[in-house]
Amino acid sequence: MTTGELGKNYEPSSSEEKWYRYWLAGDYFHSLDVSEKKPFSIVIPPPNVTGMLHMGHALNNALQDIVIRFKRMQGYNALWMPGMDHAGIATQNVVEQLLAAEGLTRHDLGREEFIARVWQWKDKYGGVIINHLKRLGASCDWARERFTMDEGLSRAVREVFVRLYNDGLIYRGDYVVQWCPRCHTAISDLEVEYQEASGYLWNIRYPLADGTGYVVVATTRPETMLGDTAVAVNPEDGRFRGLTGKQVVLPLVNRIIPIIADSYVSADFGSGVVKITPACDPNDFAVASRHGLPLVKIMDGNGCINENGGQYQGQDRYVCRDNVLKDLEAQGYLLGREPHLHSKGCCYRCKTDIEPTVSTQWFVRVAPLAKEALAAVENGKTRIIPALWEATYFDWLNNIRDWCISRQIWWGHRIPVWYCQDCGNTIVAATDPADCPRCGSAHLSQDDDVLDTWFSSALWPFSTLGWPDETEALKTFYPTSLLVTGFDILFFWVARMMMMGLYVRKEVPFRDVYLHALVRDENGEKMSKSRGNIIDPLDMIDKFGADAFRFTLCAYTAQGRDVKMSEERIEGYKHFVNKIWNAAKFSLMNLRDYPGPVSADADLTGDGLLLPDRWISHRLNQVTAEVTRQIEEYRFNEAAGSLYQFIWHEFCDWYLELIKPTLYGKVNPDQRAAVQGTLQRVLTTILQLLHPFMPFLTEEIWQALDENQDSIMMSSYPVFDPDRVDEDADAKMNLIMEVITAIRNIRGEMEIPPSKKLLVSISIPDDYSRQTISDASQYITHLANLEALVVGADLAEPKGSVSAIISAGRVFVLMEDSLDLGRKMAKIEKELAKLDRELANSANKLANRDFLAKADPQVIDRERGKNRDLVQRRQLLAESLARLKFMES
RNA sequence: AGGCGGGUAGCUCAGUCGGCAGAGCGCCACGCUUACACCGUGGAUGUCACAGGUUCAAGUCCUGUUCCGCCUACCA
């Protein structure tokens, strides 16, 4: 029984707040560790604790919420695991900036005090993004919320580290790594962003030590010459035959260094002679180890020249470059420069130029892990959607390099390694050791470094479920069902979760990975602070409501395509929200006195129903199947499109208009209750279909339909029912809609005002079609606004009428006022010309022997039918034209 | 350098099996018809980037060209 009433306009803000609180109070988002229901699980890509909701988050989480609400309604024990990432460098930067405002550095506080300050900051300001997610409607299982620095997750991190170490998959050593002089830490190769930069290639003369001449070295980074320990040529390069084995004097430094031959050098670039600076370049480092060259480190952690740089000590790298160039020029070593485009590495956090530097770091040996991760996708244990990303995934894992996991910062998981101060023993342990197992000394010091934030993120799918304990949740929800994330973190996160999941659990972390695109501005530009083109999701929610906003994101998310977002588009879908609201309001007004179905299955039997009811039920059933399939295939934009098309154009434009006379009791008051039954059921089903996309609006209307009901979330997602397929009703309604459209078309073309009632006759030779139209005369009269309708098998075209051709026959509209003959004739002539083109085309096909011999018989039949239809249409049109011409003369 | 994606109506884009080229927005005309003007009805609009090929038939498959975007790797 319907009790509610809807206000004039939907008020998103009050509705959203009300229902979100209602859902939380009712614990509707909670999933069970143990349940008879089938499990379905998603782990959230944990946003940074420092984060604010941006468009990327909004899209990402809207999609997850759609899937999880859908699955929950389908009866799954659906878990959406929420949480946040401690975001090592990002968070440390934030707190350091606050300290800087007080004139302090982290070193003033000391490690312990500093970490305490970070926790304080986290408790006070961190995690506002969780509230933002709630504004969006995210139905996460908040009781399970985790943080990567939680005690439990930290235990998981240590445990995995120790296992990897014991399996020989973690090692420590001196290598050239990507160093950020501002963040003061090493970062991984992935964390370097490359930008095109224009610079110079400088040619420098290096004199031979025996005084017999010189070689010319080309470099983009002249300042690093202070650390040169050789120069190299390609062994095949004829120009330098005989030079290999000789020595050169390093200008400014006066160090004697050898000329070596290595195939790494390409003869056709620059001068063909390369300076080798092992401490500053990974390639040079490799050359140096092949040739047993010494290594001279010339840079300190700040990107300044150290004591090995002699007179340049203490200078910033770029200051030093200028000075080195000046000195080279003054001493006659600089031969010139040419403009040179190269890509420059920057820190992805702070955009400072990266300084590749040799240092002692921890690495994960990833090749064996990558092999498993590769195989799991190859054999389909995990699906990547859209599949085109598989190639990228394979390519990266096939060429993967070891992962530098140590960071020289304080905020993060400290590496669980201790060094014995007395015997030098290295202890790797999951729990803090009390003393050295070798010598018993209690003088242990823990490694100063922390782990890359992505190390803990890589464990997220199982660490959040309680691992290393074998919890019920872990058993129930791992492997998770689906991961939804942006393609930009495919390597950072997805690939690493695959590796760690397979290593630790011997099972993939998720079955499906859906990679969505980037949200850009309306011009397709990346949103960024510097461009000033950021659209704040919270502003959009305030302005248009969370539902309209979510639906917009969803509607524009075609697989593999970026989303171009603009306020205008969201506003467009706000109109859709308004349309639904009004359709619901109208329905409720007309359902208030609905006595309920006469019998339990009354609304299931087609027999007692009017044609529009049968048709809308049929269409609703089809759309249910469509939308279900589209969500299951992650075709979110298509699901949104199907719902939009059905609700607006079929339910509102046709069905609601068709039933008005019946509802108003103008035709047959007895049929009102039957129509009410269908209306109620269709509206209810629409709300359920729509709920995952528009959770707030649908709950608001749902509760208004019956305020004693439980949340719409607790109802079952609609299911396609083969018994409801009603092709007969569909065919009949199509015929009727064609007639109505034809009459409206004439009205429009002839500029007859909508209020003018028309006299119409329809001639249909075929019995079935004629009967259909004749039975539907009340609908046609109403929707086309007719005075009178005559239906016959072979009616002649009345004088002074305008005709339209429909598939089943002809429609005549009597013109009472003087007919604009010229306008009508021009229209017919234009139509005839078009028809002739189509006819010629079709006749050609049917005259083509090859077509008749080779085409699918069904296609030939269709072509023949089309041809017959065209011939008939053409004839009728020609007749009409002749008649008009006669009238004119 | 290699890889991937894209080029379809004025704009933003769908188009899954090769078989009549579509939607939304915008635009034009008419209309405040008792859910909705955040609306209704009707209408106009195409060299499917270019060239070639396969096919009875190509927006769709193949080859090449071109422009745009992205990713990966970097030769100093």
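- B:A73 and B:C4 are spaced 14 Å apart, taking the C1' atom of each and rounding to whole Å.
- You'll find that the side chain of A:Lys564 is closest to B:U12, out of B:U12, B:G24, B:A35.
- Residue-level contact check: A:Ser755 touches neither bases nor backbone, having no heavy atom under 4.0 Å from any strand.
- Residues A:Glu191 and A:Ser188 have side chains that bring a donor and an acceptor to within less than 3.5 angstrom of each other.
- With a 3.5 Å ceiling on both atom-pair distances, the Watson-Crick or G-U wobble partner of B:C4 is B:G69.
- No hydrogens or angles considered: nothing links the side chains of A:Tyr348 and A:Glu193 as a donor-acceptor pair under 3.5 Å.
- Along RNA chain B, the nucleotide closest to A:Asn9 and the one closest to A:Arg221 are compared, and the more 5′ of them pairs with A:Asn9.
- B:C68 and B:U16 are spaced 27 Å apart, taking the P atom of each and rounding to whole Å.
- Judged purely by atom type and a 3.5 angstrom limit, A:Asn398 uses its side chain to pair as donor or acceptor with the backbone of A:Phe394.
- Distance A:Glu196 CD to B:U72 P: 15 Å, rounded to the nearest Å.
- A:Arg635 comes within 4.0 angstrom of a nucleotide base, judged by non-hydrogen atoms across all strands.
- Among B:A35, B:C71, B:G42, the nucleotide with an atom closest to any side-chain atom of A:Asn582 is B:A35.
- Minimum atom distance to the side chain of A:Arg401 is reached by B:A73, of the listed B:A73, B:A35, B:C38.
- When atom types are taken as modelled, the side chain of A:Lys585 and the backbone of A:Lys8 share a donor-acceptor pair closer than 3.5 angstrom.
- One interatomic measurement links the two molecules: CG of A:Leu341 to P of B:A1, which rounds to 13 Å at whole-angstrom precision.
- Side chain A:Lys660 to base B:A35: a donor-acceptor pair is found below 3.5 Å.
- Note: CD (A:Gln680) to C1' (B:A35) measures 17 Å, nearest angstrom.
- Of the candidates B:U12, B:A35, B:C56, B:A35 carries the atom nearest the A:Lys585 side chain, counting heavy atoms from C-beta on.
- Across all strands, A:Gln858 comes closer than 4.0 Å to no nucleic acid atom at all (heavy-atom distances).
- Backbone-only contact: A:Asn745 has heavy atoms under 4.0 Å from sugar-phosphate atoms and none from a base.
- The phosphate of B:C30 (OP1 or OP2) has no side-chain N or O of A:Lys756 nearer than 4.0 angstrom.
- Taking atom C1' on both nucleotides, B:G59 is separated from B:A49 by 12 Å, rounded to a whole Å.
- Between A:Tyr655 and A:Phe651, the two ring planes are parallel [angle under 30°; tilted spans 30° to 60°].
- Among the protein residues, A:Trp648 comes within range of the sugar-phosphate backbone only, with heavy atoms under 4.0 Å from sugar or phosphate atoms but none that close to a base.
- No donor-acceptor pair under 3.5 Å is formed between the side chain of A:Ser842 and the backbone N or O of A:Glu838.
- For the pair A:Asp653 CG and B:A35 P, the interatomic distance rounds to 14 Å; values are reported in whole Å.
- Atom name C1', nucleotides B:U33 and B:C39: the rounded distance is 11 Å, in whole Å.
- Contacts of A:Thr219 with the nucleic acid, taken as non-hydrogen atoms under 4.0 Å apart, involve only primed sugar atoms and P, OP1 or OP2.
- Between A:Tyr206 and the phosphate of B:A76, there is no side-chain N or O to OP1/OP2 separation shorter than 4.0 Å.
- Side chain A:Glu749 to base B:A29: no donor-acceptor pair is found below 3.5 Å.
- Here, B:C28 and B:U45 have their C1' atoms 11 Å apart, quoted to the whole Å.
- Shown here, B:C25 forms a base pair with B:G10; the pair counts as Watson-Crick or G-U wobble because both key distances fall under 3.5 Å.
- Pairing for B:C20 is absent, judged as Watson-Crick or G-U wobble with the two contacts each under 3.5 Å.
- Put simply, the side chain of A:Thr552 gets close to the backbone of A:Ala548: a donor and an acceptor are under 3.5 Å apart.
- Within the 3.5 Å criterion, the main-chain N or O of A:Ile860 finds no donor-acceptor partner in the side chain of A:Arg864.
- Across all strands, A:Phe576 comes closer than 4.0 Å to no nucleic acid atom at all (heavy-atom distances).
- Atom CD of A:Glu650 and atom CD of A:Gln645 lie 5.5 Å apart (nearest 0.5 Å).
- Comparing A:Tyr556 and A:Gln630 by the nucleotide of RNA chain B whose heavy atom lies nearest to each, the residue mapping closer to the 5' end is A:Tyr556.
- As rounded to whole Å, 15 Å separates atom C1' of B:A73 from atom CZ of A:Phe269.
- Glycosidic conformation at B:C36 (O4'-C1'-N9-C4 for purines, O4'-C1'-N1-C2 for pyrimidines): anti, more than 90° from 0.
- Distance noted for atom C1' between B:G22 and B:A14: 7 Å (whole Å).
- Nucleotides B:U63 and B:G10 are separated by 34 Å at their C1' atoms, to the nearest Å.
- Nucleotide B:C50 has B:G64 as its partner under the Watson-Crick or G-U criteria, with both atom distances under 3.5 Å.
- When the nucleotides B:C56, B:A35, B:A76 are ranked by their closest atom to the side chain of A:Leu656, B:A35 comes out on top.
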Between protein and nucleotides 17-23 of chain B, what N or O pairs are separated by less than 3.5 Å?
{"from": "B:G19", "atom 1": "O2'", "to": "A:Arg862", "atom 2": "NH1", "distance (Å)": "2.9"}

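- Here B:C36 is the nucleotide among B:C39, B:A35, B:C36 with the atom lying nearest to any side-chain atom of A:Asn578.
- Protein atom CH2 of A:Trp654 is 7 Å distant from nucleotide atom P of B:G42, rounded to whole Å.
- Closest approach to the A:His575 side chain among B:G24, B:C38, B:U16 is made by B:C38 (side chain taken as heavy atoms from C-beta onward).
- The backbone N or O of A:Thr219 lies less than 3.5 Å from no partner atom in the side chain of A:His340, so there is not a single donor-acceptor pair.
- In this structure, A:Leu518 atom CG and B:C70 atom C1' are separated by 9 Å, rounded to whole Å.
- If you take atom C1' in B:C71 and the same atom in B:A57, they sit 38 Å apart, rounded to whole Å.
- Within the 4.0 angstrom heavy-atom criterion, base atoms lie near A:Glu638.
- B:G40 and B:C30 make up a base pair, with Watson-Crick or G-U wobble contacts both under 3.5 Å.
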Point to revise | Audit row: A:Asn848, A:Asn844, side chain to side chain donor-acceptor pair (under 3.5 Å) steps and yes/no | key: CA-CA 6 Å; A:Asn848 184 337; A:Asn844 269 344; over 6 Å; no

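- Comparing B:G31, B:U41, B:A76 by their nearest atom to the side chain of A:Ala218 picks out B:A76.
- Looking at A:Lys579, its side chain has no donor and acceptor atom pair within 3.5 Å of the base of B:C38.
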Check your understanding: Should A:Asp189 and A:Gln178 be marked as a side chain to side chain donor-acceptor pair (under 3.5 Å) after you check the CA-CA gap, both sets of side-chain angles, and the distance that decides it?
Key -> CA-CA 7 Å; A:Asp189 295 332; A:Gln178 313 282 358; 3.2 Å; yes

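- For A:Phe586, the listed nucleotide lying nearest its side chain is B:A35; candidates were B:A76, B:C56, B:A35.
- In this structure, of B:C38, B:A35, B:A29, it is B:A29 that holds the atom nearest to the side chain of A:Glu751.
- Taking atom CG of residue A:Asp189 and atom P of nucleotide B:A73, one finds them 7 Å apart after rounding to whole Å.
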